[in-house]
Amino acid sequence: MEVLTERERKVLVLIIEGYINTAEPIGSKTISKAKSIMGRWGSATVRNTMADLEKLGLLYKPHAVAGRIPTHKAFRYYLDGLNIPVYPGKRASHTLDAMLRSRYPYVEGLMEDASKALAALSKHTGIVVEPSVNTMLFKEIEFVKLTNNTVLTVFVTSSGTVHTRLVETDEILDADTLNKMKKYMNGKFSGIPFYALKDGVLEDMEKDKTIFCQLLQKVNDTLETIIDGEDKREVYLEGVSKIIGVPEFLDMDKLKELFRALERKEKLLHLLDKCMKEEGIHVIMGGESDIKELRDMSIITSTYKIGEKSYGILGVIGPVRMNYSKVIPIVDYTAKTVTDILKIM
């Protein structure tokens, strides 16, 4: 990134912050009247500085006679130098602290509330993605006999998420056999990651030739459908309607394209998974996304933690010109709150 002079940096920041507030091109007269530079630089000097910033690819002129609009490159420069508050405002803190006092029997309720809180506090779209089951810890299994040859298999993770699958068997399995199998699996495998559970089941299948072996094979098959179904992870989206009326999406065709992109959760998951390589805040800005319909949007994400090795991701989707100083602390504090709640569930 180019090294800017003090004047260039000051003018660029004023244009970006003006554009964040108004969504309108910012002219040299507006900048020269700003309190922080009034009397230091006249309108002509500011105009020349804006022309220099345009040459650097940080501003562009949307019309023949108009002010300038910051580019995505400018917003990245602005964000990289921004002094982000550690904590969100009082309202956000109170709302999120109230979640800590709530009782969540199921993790799904927590995910829903977190996405709603993100949307309400940021005024943008909130998103929460459940963790990858492959990294989560197996807590217990339950078998529910529906018919002589049909069993509902219920897998419960350490975080409380539940995965159910119907299993058809050739042999008639009585309640006593199912109960023994449950005790055996819960006693031997509880507390290990799901990927290791699959390996453990395969190993036991090679040793066991009794009726247990057939059920173990069925359990292994259901595990494969759960682990291989990563793209089917639950994505909690809240506040999508907040995009309606945003100046960047007044074009209805453009708005429809964006809504369709948000509905294609597989692509969204693939993009968000890239942010889970490291803990903490990540910002995907405009053209940095490989989803073309999100080219005028930014995604601010943070990881939340379940246990020692399992992570989920949450965040906010909004226009590139969103107020990062306000939204980033909200996302960060929400992730920490969700992590704290999961510790006590």
Side-chain angles (χ1 to χ4, degrees), residues 1-4 8-9 11-13 15-26 50-63 66-82 84 122-127 129 235 237 240 242-278 280-302 313-328 331:
M1 181 68 196
E2 294 84 356
V3 178
L4 302 183
E8 288 171 337
R9 185 190 62 79
V11 168
L12 181 62
V13 168
I15 290 173
I16 291 173
E17 292 180 346
Y19 184 65
I20 287 173
N21 292 327
T22 67
E24 296 286 342
I26 307 298
M50 290 169 69
D52 291 339
L53 291 169
E54 192 172 354
K55 290 175 184 175
L56 292 172
L58 296 168
L59 299 177
Y60 76 95
K61 206 172 184 179
H63 308 293
R68 264 66 161 200
I69 288 177
T71 63
H72 294 174
K73 180 181 177 182
F75 271 104
R76 174 53 70 184
Y77 175 84
Y78 171 74
L79 179 60
D80 290 346
L82 203 56
I84 305 292
S122 70
K123 310 297 186 195
H124 299 298
T125 301
I127 183 168
V129 181
V235 177
L237 270 174
V240 175
K242 294 179 186 293
I243 300 169
I244 298 172
V246 171
E248 290 88 336
F249 292 94
L250 293 179
D251 183 317
M252 288 306 296
D253 289 336
K254 194 175 179 182
L255 184 64
K256 287 176 184 176
E257 285 181 3
L258 176 61
F259 282 167
R260 280 195 289 268
L262 293 176
E263 287 173 359
R264 292 194 291 271
K265 292 181 179 179
E266 293 82 4
K267 272 191 170 184
L268 200 54
L269 277 172
H270 180 70
L271 178 64
L272 292 171
D273 280 346
K274 293 178 181 178
C275 301
M276 286 210 294
K277 292 178 181 176
E278 295 179 8
I281 288 286
H282 289 266
V283 180
I284 302 172
M285 190 177 287
E288 296 169 3
S289 164
D290 53 10
I291 302 176
K292 67 176 184 178
E293 293 88 352
L294 297 181
R295 59 187 175 273
D296 291 317
M297 307 293 281
S298 282
I299 306 176
I300 300 172
T301 69
S302 185
I313 196 162
L314 55 75
V316 163
I317 302 173
V320 171
R321 61 173 185 84
M322 76 169 97
N323 188 337
Y324 295 96
S325 291
K326 174 189 172 185
V327 179
I328 288 176
V331 172

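These figures come from a predicted structure and were not determined experimentally.
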Student: State whether the side chain of K73 and the backbone N or O of L56 hold a donor-acceptor pair below 3.5 Å, judged by distance alone.
Tutor: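 Looks like yes, one N/O pair under 3.5 Å.
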Student: Distance check, rounded to the nearest 0.5 Å: L294 atom CG versus L258 atom CG?
Tutor: 6.0 Å
Student: With a 4.5 Å limit on heavy-atom distance, are the side chains of L79 and I328 in contact?
Tutor: yes
Student: To the nearest 0.5 angstrom, please state how far the OH atom of Y78 sits from the CG atom of L12.
Tutor: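 Result: 10.0 Å between the selected atoms.
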Student: To check you understand the geometry: which heavy-atom pair defines the closest contact between I84 and S325, and what is its length?
Tutor: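 Closest heavy-atom pair between I84 and S325: CD1-CA, 4.2 Å.
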Student: Could you tell me whether K254 atom NZ has more than 12 heavy atoms of other residues or ligands within 6.0 Å of it?
Tutor: yes
Student: Between D273 and V129, does a side-chain contact (heavy atoms from CB on, under 4.5 Å) hold up when you go through it step by step?
Tutor: CA-CA 10 Å; D273 280 346; V129 181; 5.7 Å; no
Student: How far apart are the C-alpha atoms of E263 and L268, what are their side-chain angles, what is the distance that settles it, and do they pass the side-chain contact (heavy atoms from CB on, under 4.5 Å) test?
Tutor: CA-CA 9 Å; E263 287 173 359; L268 200 54; over 6 Å; no
Student: Got I299 and L271 here, is their nearest side-chain heavy-atom distance under 4.5 Å?
Tutor: yes
Student: Do you know the tightest heavy-atom contact between C275 and T301?
Tutor: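 Nearest pair, atom of C275 first, then T301: CB-OG1, 3.4 Å.
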Student: Start with the C-alpha gap between I69 and K61, add the side-chain angles, then the distance that decides, and say whether side-chain contact (heavy atoms from CB on, under 4.5 Å) holds.
Tutor: CA-CA 6 Å; I69 288 177; K61 206 172 184 179; over 6 Å; no
Student: Contact between S298 and H72 at the side-chain level, heavy atoms closer than 4.5 Å - yes or no?
Tutor: no
Student: Is there a side-chain contact between I26 and L59, using heavy atoms and a 4.5 Å cut-off?
Tutor: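 I26 does not reach L59 side chain to side chain.
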Student: To the nearest 0.5 Å, what is the distance between NZ (K267) and OG (S289)?
Tutor: 9.0 Å
Student: Check R260 with E293, please: is the shortest side-chain N to carboxylate O separation under 4.0 Å?
Tutor: no
Student: With rounding to the nearest 0.5 angstrom, report the NZ to NZ distance, K123 to K326.
Tutor: 6.0 Å
Student: Any side-chain heavy atom of V235 sitting closer than 4.5 Å to one from I127?
Tutor: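 A side-chain contact under 4.5 Å exists here.
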Student: I want to check something: taking the side chain as every heavy atom from C-beta on, are D296 and F249 in contact at a cut-off of under 4.5 Å?
Tutor: yes
Student: Looking at every heavy atom in both R321 and I20, which two are closest together, and how far apart are they?
Tutor: NH1-O, 3.0 Å
Student: What are the two closest heavy atoms between P319 and E248, and how far apart are they?
Tutor: CB-OE2, 3.8 Å
Student: Let me see the working for M285 and R76 under side-chain contact (heavy atoms from CB on, under 4.5 Å), right down to the final yes or no.
Tutor: CA-CA 7 Å; M285 190 177 287; R76 174 53 70 184; 3.9 Å; yes
Student: Taking atom CD of E288 and atom CZ of F75, what is their separation to the nearest 0.5 Å?
Tutor: 12.5 Å
Student: Check D253 against D251 and note the closest heavy-atom contact, atom names and distance.
Tutor: N-OD1, 2.9 Å
Student: For the residue pair H270 and D290, what are the closest heavy atoms and their distance?
Tutor: CD2-OD2, 4.1 Å
Student: Evaluate the side-chain proximity of H124 to M297: yes if any heavy-atom separation is below 4.5 Å, no if none is.
Tutor: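 No, their side chains stay 4.5 Å or more apart.
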Student: Which value, rounded to the nearest 0.5 Å, describes the distance between E257 atom CD and I291 atom CD1?
Tutor: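 One finds 13.0 Å between CD of E257 and CD1 of I291.
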Student: Short question: side chain of S302, backbone of V331 - any donor-acceptor pair under 3.5 Å?
Tutor: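 No, because the side chain of S302 does not come within donor-acceptor range (under 3.5 Å) of the backbone of V331.
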Student: With the side chain counted from C-beta on, respond yes when R9 and Y77 share a heavy-atom pair under 4.5 Å apart, and no when they do not.
Tutor: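 They are in contact (side-chain heavy atoms under 4.5 Å apart), so the answer is yes.
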